[in-house]
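Below: one structure, written as structure tokens.
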Amino acid sequence: MCAPGRRSIAERAAEATPSRVAAWTGAVGGPARFGKALAATAAPSHRRVKLGGQGRAASTSSGRPRIAWTYAGASKNGTRSQPVASLPNDVELPTTIVGAERKVCRLLTGNECVFLTGPPGCGKTHLVNDVVKTLRAVGLSVSVCGSSGVAAALVGGTTVHAWAGFVNGDADVATPLETVLTKVIPPAAKYRMRSAMALVIDEVGTLSAALITRLDVVLRDVWRCALPFGGLVVLFSGDFLQLAPPIGNFAFLSGAWREAFDNRAIVLDTHWRHINDRQLLDVLLRMRVGLHTTEDIQLLATRRSAKPPPNAIWLFCHTIPAKDKNEEELRQLPGPNVTYHAQDKVKVEYLTLDSARTLLDEGLKFVRVLKLRVGAVVLVPSNCLAGDGVPAGSRGWCFVFFGWGVCSTPLYGLSFRLGDLPLWM
Ligand SMILES: Nc1ncnc2c1ncn2[C@@H]1O[C@H](COP(=O)(O)OP(=O)(O)OP(=O)(O)O)[C@@H](O)[C@H]1O
């Protein structure tokens, strides 16, 4: 029962359902229905099984009836009576999407898990972003994660740990499962897991097999379904020939991985990043598989210099020396600092601004206060400007700062050099 004037979750879900989606199906159930889900393991081509519960038709302002989530009575664990999202059967993909994007979207909406891989710069993250955009546009609730804060930022998501509510980080992989389920994972995270129709994880190569296994068993419990990842359809993307997990075994050694993907993968093979430098691309591709030649090493050695040019990018293994170097370079530039303060916004109901701020600060490690000066070199860390033709990793420099009306934060302009063409932002 809802208090007068307050709308039920079913009504709110129905209103949030875009008109292009025929229905969201209610899927809740008690232990008696669990057997159905277990039986479904024998039919992998139709992986997701509705666990029962009463889908309730709710009409919207347009009068179109929709089916939305409902509760199906209380269970021993109160949170278990929360609704579970499930993929609609009849998702209609836009005719404009083609190629690999179409293939991945068709597999996912057909309840097939997808592992997307390929060499560096072949567009895995780019494709993941496109797929997420398309699936959301047709009304699916898609959770997006990266294996690290930076990987998450590139796909506009959160870390896997944050999404799953592993608030103690990797410690929650080793803690007994029952403790993690009952005492660690907050209700908000369980709600998040139950609300997702698809889960996307980019840069999965650096996650350990133990983490994948833990995620799998947690989702099986939260969804009350014995299928891999509880029946949640997943898109994992990454390249196992780039970085190994810092701790533990490769993710593909997890039993859940084999159950979800077997040996199947979609492999991208168009090289976008070094498209204009075939020689470097060949060296990198040989290094990736450990087949680099003496000539490759000699070629890379020519890039070594006792006196690096002023525009060289410095790489550090740790944040503190990188920050110190940035400060040092900034001090050498003339003119005053122009300071920018990050402004966080919350778009979801289950987070307060303060908790979102803590999550962003801890997870993404982006600076809260950024100081720049005219002449400072900047680097685009994500594909946020890809729509303007500026790929991730592009370098630019601040050439002027504008004051604008009564705004206290000045606008700034950047010039990015792409080949010989300066692009003014
Ligand atoms: N289909 C595409 N059209 C245009 N540009 C693309 C396309 N796919 C990728 N790119 C560009 O190529 C660059 C590399 O893409 P991306 O970062 O997605 O590759 P990746 O395979 O994820 O790389 P890595 O393995 O290093 O993470 C990006 O700048 C991206 O904008």
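In each ligand, atom 1 is the first atom listed, and ligand 1 is the first ligand listed.
The two residues I247 and S208 make their nearest non-hydrogen contact at O-CB, 3.3 Å.
Between F261 and F252, a ring centre-to-centre spacing not shorter than 6.0 Å is recorded. A centroid separation of less than 6.0 Å is found between the aromatic rings of F240 and W257.
Looking at G118 next to ligand 1, no N or O pair under 3.5 Å apart turns up. Between P120 and ligand 1, not a single N/O pair is under 3.5 Å apart.
Residue-level proximity to ligand 1 for P119 is carried by the backbone, the only part with a heavy atom below 4.0 angstrom.
The aromatic rings of F229 and F236 sit perpendicular to each other, their planes meeting at more than 60°, with 30° as the lower class boundary.
Considering H126, R273, E101, E203 only, the shortest heavy-atom separation from atom 27 (O) of ligand 1 involves E203.
Under a 4.0 Å criterion applied to the non-hydrogen atoms of T125, ligand 1 contributes the atoms 18 (O), 22 (O).
Of the charged side-chain nitrogens involved, none lies within less than 4.0 Å of a carboxylate oxygen, so that K371 and E329 do not count as a salt-bridged pair.
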